[in-house]
Protein chains: 2
Amino acid sequence: MAPAPRADNRLPLVLDAAARLFAEKGYGATSMRDIAGAVGMLPGSLYYHFASKEELLVAVYEEGVRRIKAALAPALAQPGDPWQRLENACAAHLAGLLEGSDYGQVVIRVRPDDAPDVAPRLVALRDEYEHAFSRAIHDLPLPPRTDRRALRLMLLGALNWSQTWYRPGKDSPQALARRFVRLLRDPMEP
Amino acid sequence: MAPAPRADNRLPLVLDAAARLFAEKGYGATSMRDIAGAVGMLPGSLYYHFASKEELLVAVYEEGVRRIKAALAPALAQPGDPWQRLENACAAHLAGLLEGSDYGQVVIRVRPDDAPDVAPRLVALRDEYEHAFSRAIHDLPLPPRTDRRALRLMLLGALNWSQTWYRPGKDSPQALARRFVRLLRDPMEP
DNA sequence: TCCCAAAACAAACAGTTGTTTGGTAGGATG
DNA sequence: CATCCTACCAAACAACTGTTTGTTTTGGGA
């Protein structure tokens with residue numbers, strides 16, 4: 001049977017702090033002392049909860065994927081216009097990526113090979129998430145022989161890269177998603 | 001007058017090694033000892049050429065931007081169909097980003113805030129480069145009120161993010177550029 | 001050939017890194 | 001109330017980091 005956790009368990013706080021710091025400064029620039037200090041613990045104490053820094057990253061990654069998928073689910077479930085569904089999915093993705101919880105930002109910001117020992121698991125988590133997007137694109141009414149894979153890679157790349165240039169307050173994720181999907185959908189000939 | 005450099009100057013070798021390592025492992029994961037070792041020098045000797053690790057990164061960045069711009073120039077200069085010109089520009093960008101010299105990869109891979117003291121200069125170098133792309137997009141014959149800024153951000157994001165998933169041999173930069181531009185240009189209604 | 005500056009060596013510095021080890025306070029459980 | 005194991009503390013470890021300092025080698029112009 002599973003061992004009962006105690007009420008004063010600060011593990012969630014540790015995860016939150018790690019997510020915040022990883023999202024802000026990146027994986028490499030964040031030390032175990034930074035994380036421990038942020039929750040008032042000593043560095044060594046973290047190793048009661050996680051076997052290594054890389055395992056801690058995996059835990060944050062897992063929670064991150066879980067949250068983005070949860071934020072995406074309602075958008076993907078709604079019936080009606082497939083283009084509208086895609087736009088909402090993009091908006092949800094952007095929201096979690098740009099202004100949402102730190103967990104989501106970590107999944108996009110931190111490269112799997114920053115933690116070589118666990119890189120395959122991180123890649124798998126990313127893929128698991130991107131797969132959800134595939135469905136939204138599969139449902140689009142498109143001309144025959146349209147390269148749906150390229151479409152997914154292009155759209156997802158554009159969304160993810162927005163973390164580089166996005167500044168809060170100037171654009172909302174909603175408006176951004178709208179603009180991007182429009183550029184794809186509307187005919188470009190004048 | 002400028003002091004004459006000597007023939008046995010290994011500075012270019014240092015830059016090449018730094019570019020290679022930064023592109024492969026990232027800035028943070030590459031130590032000065034790694035770079036020095038790659039050219040058979042001692043760590044301290046690097047400080048004859050560069051005041052700091054961050055300044056070394058700036059030098060690589062500068063060379064990277066110089067090369068990408070050079071690769072882009074012929075594509076932008078050629079007359080004829082603006083869409084074709086854009087496609088060629090994308091192909092040139094992708095080539096330098098995915099299979100070209102390590103310098104170009106560094107510009108995309110290494111985040112400016114990895115080196116806080118010189119971050120503004122790195123951002124300026126990036127902007128300087130992206131500006132070249134703006135012209136190619138400005139020349140496109142588009143419907144009125146098309147959001148050209150969003151188009152640039154979307155396309156450039158899609159291209160840059162390709163560094164994440166691209167595997168040599170499966171797609172060529174040329175083919176990729178063609179596919180991306182087509183997705184934008186061709187009407188999506190079936 | 002002489003000489004100087006360019007270019008690199010040799011060795012250390014102080015600080016930080018992830019991690020380990022042994023001990024211990026205190027909620028939960030009987 | 002006695003016990004047990006969770007959850008942490010305290011302190012250190014060895015390795016590695018970017019950087020500095022003083023010294024030596026070496027190529028090229030006079």
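Residue numbers begin at 1 in each chain, while the letters A, B, ... track the order of the sequences. Please read all numbers here as calculations on a predicted model, not as lab measurements.
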Counting only side-chain heavy atoms from C-beta out, which of D/dT19, D/dC8, C/dA8 sits nearest to B/Met41?
C/dA8

In this structure, how many angstroms lie between the P atom of D/dG18 and the CG atom of B/Asp34, rounded?
8 Å

Whether B/Ser45 contacts C/dC9 is assessed here as follows: a side-chain N or O lying under 4.0 Å from the phosphate OP1 or OP2. Is that the case?
yes

Measure the distance from CE on A/Met32 to C1' on D/dA12 and round it to the nearest whole Å.
17 Å

So does A/Arg33 get a side-chain nitrogen or oxygen closer than 4.0 Å to the phosphate oxygens (OP1/OP2) of C/dT16?
no

Relative to the 5' end of DNA chain D, which residue comes earlier, A/His49 or B/Gly44, by the nucleotide with the nearest heavy atom?
A/His49

Winner on side-chain proximity to A/Tyr47, out of C/dT20, C/dA6, C/dT17, is C/dT20

Review item, side-chain donor-acceptor pairs of residues 112-123 of chain B, under 3.5 Å, at least two apart:
from     : atom 1 : to      : atom 2 : distance (Å)
B/Arg121 : NH1    : B/Glu55 : OE2    : 3.0
B/Arg121 : NH2    : B/Glu55 : OE1    : 3.3

For B/Ile35 and D/dT17, give me the distance from atom CD1 to atom P, rounded to whole Å.
11 Å

Gap between atoms CD and C1', on A/Glu55 and C/dG18 respectively (whole Å)
14 Å

Of the options C/dC9, D/dT19, C/dT19, whose atoms approach the side-chain atoms of A/Lys53 most closely?
C/dT19

A/Phe22: partners by ring pair (Phe, Tyr, Trp, His ring centres under 6.0 Å), with sequence neighbours left out
A/Tyr27

With a non-hydrogen cut-off below 4.0 angstrom, is B/Ser31 in contact with a base, only sugar-phosphate, or nothing?
sugar-phosphate

Nucleotide nearest A/Ser52 when distance is taken to its side chain, options C/dT19, C/dA10, D/dC9:
C/dT19

Identify which nucleotide among C/dC9, D/dC9, D/dT19 has an atom closest to any side-chain atom of A/Leu42, counting heavy atoms from C-beta outward.
D/dC9

The test is salt bridge (charged side-chain N to carboxylate O under 4.0 Å, His left out); show your working for A/Arg179 and A/Asp171 and say whether it passes.
CA-CA 11 Å; A/Arg179 247 175 262 154; A/Asp171 290 288; 3.2 Å; yes

By nearest atom, which of the nucleotides C/dG18, D/dT19, C/dA7 is closest to the B/Asn9 side chain?
C/dA7

Side-chain heavy atoms of B/Thr30 within contact of B/Ile35, under 4.5 Å:
yes

Is any side-chain heavy atom of A/Thr146 less than 4.5 Å from a side-chain heavy atom of B/Leu183?
yes

Indicate, with a heavy-atom threshold strictly under 4.0 Å, whether A/Gly28 touches base, sugar-phosphate, or nothing.
nothing

